[in-house]
Amino acid sequence: MSEEKKSLNFIEQIIEEDIKQGFQKENLRFRFPPEPNGYLHIGHTKAIGISFGLGEQYNAPVNLRFDDTNPAKEEQEYVDAIKKDIEWLGYQWANECYSSDYFQQLYDWAVILIKEGKAYVDSQSSEEMAQQKGTPTEAGVASPYRNRGVEENLSLFQRMKAGEFEEGTHVLRAKIDMESPNMLLRDPIMYRILKKAHHRTGTNWVIYPMYDWTHGESDYIEQISHSLCSLEFKPHRDLYNWFRDEVYNYSKNQYPLLPKQREFSRLNLSYTIMSKRKLSKLVDEEIVSGWDDPRMPTISGLRRRGYTPKAIRNFIETVGVSKRENVIDVALLEFKIREDLNKTANRVMGVLNPVKLVITNYPEGKEEVLIAENNPEDEQSGSREVPFSRELYIEREDFKEEANRKYFRLSLGKEVRLKNAYIIKGESCVKDANGEITEIHCTYDPLSKSGSGTEESKRKVKGTLHWVSIAHAVSAEVRIYDRLFSDEAPGSHKEKDFMEFLNPDSLHITKAFVEPSLQNANIGDQFQFQRLGYFNIDNDTSPEKLVFNKTVGLRDTWAKKNK
RNA sequence: UGGCCUAUGGUGUAAUGGUAACACACCGGUUUUUGGUGCCGUUAUUCUAGGUUCGAGUCCUAGUAGGCCAACCA
């Protein structure tokens with residue numbers, strides 16, 4: 001038995017240390033708390049992977065909690081999409097929770113805070129309050145309403161709840177410290193008036209709790225042991241603890257466990273953006289076809305593109321967890337999907353940029369059925385039949401009249417193998433008035449058939465080409481994607497808008513010919529088009545029209561050398 | 001002109017005071033009926049300067065660089 005010592009990331013170390021200090025393992029509990037105001041993207045997958053991963057590791061419950069405290073931005077559509085994405089990734093939540101379920105509890109606690117003189121109603125405009133707040137380098141000053149009496153505060157807050165005031169007229173603030181070096185402690189707002197229908201509570205409430213007041217207390221109510229979030233929430237930790245400790249004073253019997261917030265750096269991916277605001281701009285301005293456009297870094301986009309849950313989870317695991325700012329090379333994500341698909345995707349033949357090839361010594365009208373291996377990486381995958389005939393399509397790039405020794409493909413006078421078929425030799429080509437090649441003529445060696453066992457079939461020729469028989473080919477639409485942005489970090493430029501880096505050629509649609517076995521493939525099925533890349537069947541496919549998405553190309557050292 | 005956080009190859013992550021490791025990327029070789037896959041190999045004075053220590057990537061101090069914080073957003 002090899003006792004392999006796996007290194008722990010800093011969050012796992014914190015948990016291990018807590019356990020060592022006497023924290024009961026059974027009390028471990030995590031949560032993933034998205035706001036339902038958009039679709040999940042690959043960045044969220046890191047947060048999902050951390051919390052749900054910890055849950056799997058320690059056999060601890062993980063709640064899915066919708067942080068739905070701002071009815072102006074949130075919708076049921078997003079709740080549904082988020083649930084679907086997390087399920088698709090293969091994670092299971094213990095409880096489906098909503099911050100809005102805690103509105104009454106939160107309100108009751110807020111009333112206690114007011115009674116204890118630790119919260120007050122401020123009746124200024126947001127501009128006035130911003131003025132008094134100071135700056136990171138200058139202390140703030142107290143609001144004129146800061147010392148309002150408890151009775152007045154109580155009555156005002158009740159009337160806010162009763163809907164007696166217009167939006168923007170009053171807010172409830174925690175009374176902490178206007179001079180704190182941490183801006184968040186300068187009497188943060190706990191409640192604001194918002195006369196908007198909420199996707200779950202309807203019009204029951206017209207005051208809504210702010211993030212800081214809601215989030216920590218939701219963790220506390222759910223008795224989350226370790227509340228993990230991204231680095232930008234670090235300054236919120238002091239406030240998280242302040243609210244938590246206040247509430248603990250009068251709720252410790254019901255809720256004995258004090259949650260702990262810890263922060264990790266979020267994921268950035270090269271050549272894309274990760275902000276919901278920017279992503280929704282691409283959708284709104286119809287730069288992409290929707291949240292699930294295969295070019296989008298959303299989970300739904302990646303899914304449609306042909307990424308698998310396994311590849312995404314492997315990716316997240318490889319990326320690791322730390323507190324450093326980072327930009328992950330998108331090449332790592334691409335490596336992970338190739339790694340997965342190489343093992344699982346059946347190999348087929350499809351020609352994307354066809355040119356006609358005629359085997360002049362192959363009898364006219366003759367047809368053969370050849371046997372092709374489905375996946376050399378998987379013995380269980382078996383084989384299939386592929387029809388062969390005198391006239392084929394091959395890739396235009398696979399023929400050159402004259403070529404040097406480095407070119408392993410077809411040229412005049414040179415031999416090459418047709419995958420799973422015969423060795424052929426280039427003889428001549430036919431051109432149109434513009435000099436464009438319209439037809440290539442070749443001869444074949446009838447004894448060289450793949451797998452026939454003859455001496456001729458064992459001959460080594462340098463190149464192997466994929467092909468489809470013209471008479472049997474099925475036509476299909478193939479959508480080929482390039483990165484959405486031409487810049488490595490389109491969202492990080494202070495002087496330039498990310499939209500300036502849009503790649504105008506991120507989508508290329510082409511008509512291709514594929515082997516007939518693909519005729520009956522289903523939406524979502526994934527294949528390796530040999531020598532080209534991995535492709536899946538898009539949802540736009542109908543009985544009349546086959547549509548493929550190119551998930552990712554094969555590694556191509558030849559193309560790289562010719563750059 | 002404040003507070004907090006971070007600094008290890010091109011990118012990311014490890015090394016828990018004791019020989020800087022792994023993955024991707026890159027470059028080269030090898031195998032191959034996919035220029036794919038697999039296999040092998042090359043690529044680092046651990047931001048700087050001091051200090052503590054027998055010994056520092058790791059601890060301390062200062063500097064430098066980057067990030068976060070002034071929404072009735074989350």
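Labels below follow one simple rule: chain letters A, B, ... track the order of the sequence lines, proteins then strands, and each chain is numbered from 1. Quick caveat, the model's predicted, so the values are computed rather than measured.
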[X] has an atom [atom1]; how far is it from atom [atom2] of [N], in whole Å?
X: A:Lys336; N: B:G12; atom1: NZ; atom2: P; result: 16 Å
X: A:His493; N: B:G66; atom1: NE2; atom2: C1'; result: 16 Å
X: A:Asp238; N: B:C5; atom1: CG; atom2: C1'; result: 12 Å
X: A:Leu269; N: B:A25; atom1: CG; atom2: C1'; result: 14 Å
X: A:Leu333; N: B:G12; atom1: CG; atom2: P; result: 15 Å
X: A:Glu317; N: B:C24; atom1: CD; atom2: C1'; result: 15 Å
X: A:Phe264; N: B:U13; atom1: CZ; atom2: P; result: 13 Å
X: A:Asn268; N: B:U6; atom1: CG; atom2: P; result: 18 Å

Using the [atom1] atoms only, state how far [M] lies from [N], rounded to an integer number of Å.
N: B:U53; M: B:U48; atom1: P; result: 23 Å
N: B:G38; M: B:U19; atom1: C1'; result: 31 Å
N: B:A21; M: B:U30; atom1: P; result: 27 Å
N: B:C27; M: B:G67; atom1: P; result: 31 Å
N: B:G18; M: B:G57; atom1: C1'; result: 13 Å
N: B:C54; M: B:A62; atom1: C1'; result: 26 Å
N: B:G12; M: B:U46; atom1: C1'; result: 15 Å
N: B:C69; M: B:G28; atom1: C1'; result: 49 Å

Once side chain to side chain contact (heavy atoms under 4.5 Å, CB included) is applied, do any residues pair with [X], and if so which ones, sequence neighbours excluded?
X: A:Asp238; result: A:Asn182, A:Leu185
X: A:Arg338; result: A:Glu334, A:Tyr534, A:Val552
X: A:Lys83; result: A:Leu64, A:Phe66, A:Val79, A:Trp93, A:Glu96
X: A:Asn353; result: A:Glu395, A:Arg396, A:Glu397

Check this one for me: any side-chain N or O of [X] less than 4.0 Å away from OP1 or OP2 of [N]?
X: A:Lys323; N: B:U6; answer: yes
X: A:Lys494; N: B:G67; answer: yes
X: A:Thr318; N: B:A23; answer: no

For this session: Determine which pairs satisfy salt bridge (Lys or Arg N to Asp or Glu O under 4.0 Å) with at least one residue from residues 136-146 of chain A, sequence neighbours left out, and list them in order.
Result: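 Only A:Arg146-A:Asp187 qualify under salt bridge (Lys or Arg N to Asp or Glu O under 4.0 Å).
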For this session: Quick one: which residue pairs count as a salt bridge (Lys or Arg N to Asp or Glu O under 4.0 Å) with a foot in residues 166-175 of chain A, not counting sequence neighbours?
Result: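 For residues 166-175 of chain A, and leaving out neighbouring residues, the salt bridge (Lys or Arg N to Asp or Glu O under 4.0 Å) pairs sorted by first residue read A:Asp122-A:Arg173, A:Glu166-A:Lys195, A:Glu167-A:Lys196.
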For this session: Starting from Watson-Crick (N1-N3 plus N6-O4 or O6-N4) and G-U wobble pairs under 3.5 Å, report the runs of at least three that RNA chain B belongs to.
Result: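 Consecutive-pair runs (3 or more) involving RNA chain B: B:2-7 with B:64-69, B:10-13 with B:21-24, B:27-30 with B:38-41, B:47-51 with B:59-63.
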For this session: Any chance you could list the contact pattern along nucleotides 69-74 of chain B? Use B for base contacts, S for sugar-phosphate-only contacts and - for none, protein heavy atoms under 4.0 Å, 5' to 3'.
Result: SB-BBB
Problem set entry | Nucleic acid footprint by protein, nucleotides 31-43 of chain B - heavy-atom cut-off 4.0 Å, B for base, S for sugar-phosphate alone | --BBBBS------
Exercise. When you match A:Thr137 and A:Leu332 each to their closest nucleotide on RNA chain B, which lands nearer the 5' end?
Worked result: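 That would be A:Thr137.
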Problem set entry | Closest-nucleotide 5' rank along RNA chain B - winner of A:Asn9 and A:Glu325 |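 Between the two, 5'-proximity favours A:Asn9.
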For this session: Taking ring pair (Phe, Tyr, Trp, His ring centres under 6.0 Å) as the test, write out the residues that go with A:His236, two or more places apart.
Result: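 By the ring pair (Phe, Tyr, Trp, His ring centres under 6.0 Å) rule, A:His236 matches A:Tyr211, A:Phe233.
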Exercise. Is the A:Phe527 to A:Phe535 ring centre distance short of 6.0 Å?
Worked result: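 No, the ring of A:Phe527 stays outside the 6.0 Å limit from the ring of A:Phe535, centre to centre.
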For this session: Determine, using ring centers only, whether A:Phe315 and A:Tyr307 are less than 6.0 Å apart.
Result: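 Between A:Phe315 and A:Tyr307, which both carry aromatic rings, the centre distance is not below 6.0 Å.
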For this session: Sequence neighbours left out, what passes side-chain hydrogen bond (donor to acceptor under 3.5 Å, both in side chains) with A:Ser123? Give chain and number order.
Result: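 Partners of A:Ser123 by the side-chain hydrogen bond (donor to acceptor under 3.5 Å, both in side chains) criterion, ordered by chain and then number, come out as A:Arg148, A:His170.
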Exercise. Would you call the rings of A:Tyr393 and A:Phe513 parallel, tilted or perpendicular, where under 30° means parallel and over 60° means perpendicular?
Worked result: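 Geometry flag for A:Phe513 against A:Tyr393: parallel rings.
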For this session: Give one of base, sugar-phosphate or nothing for A:Lys20, where a contact means two heavy atoms less than 4.0 Å apart.
Result: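 The residue A:Lys20 makes no contact with any strand.
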Exercise. Who are the salt bridge (charged side-chain N to carboxylate O under 4.0 Å, His left out) partners of A:Asp18, not counting sequence neighbours?
Worked result: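 A:Lys260.
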For this session: Take atom CD of A:Glu385 as the centre, draw a 6.0 Å sphere, and report whether it contains more than 12 heavy atoms from other residues, nucleotides or ligands.
Result: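 Counting neighbours around CD of A:Glu385, 12 or fewer heavy atoms of other residues, nucleotides or ligands fall under 6.0 Å, so no.
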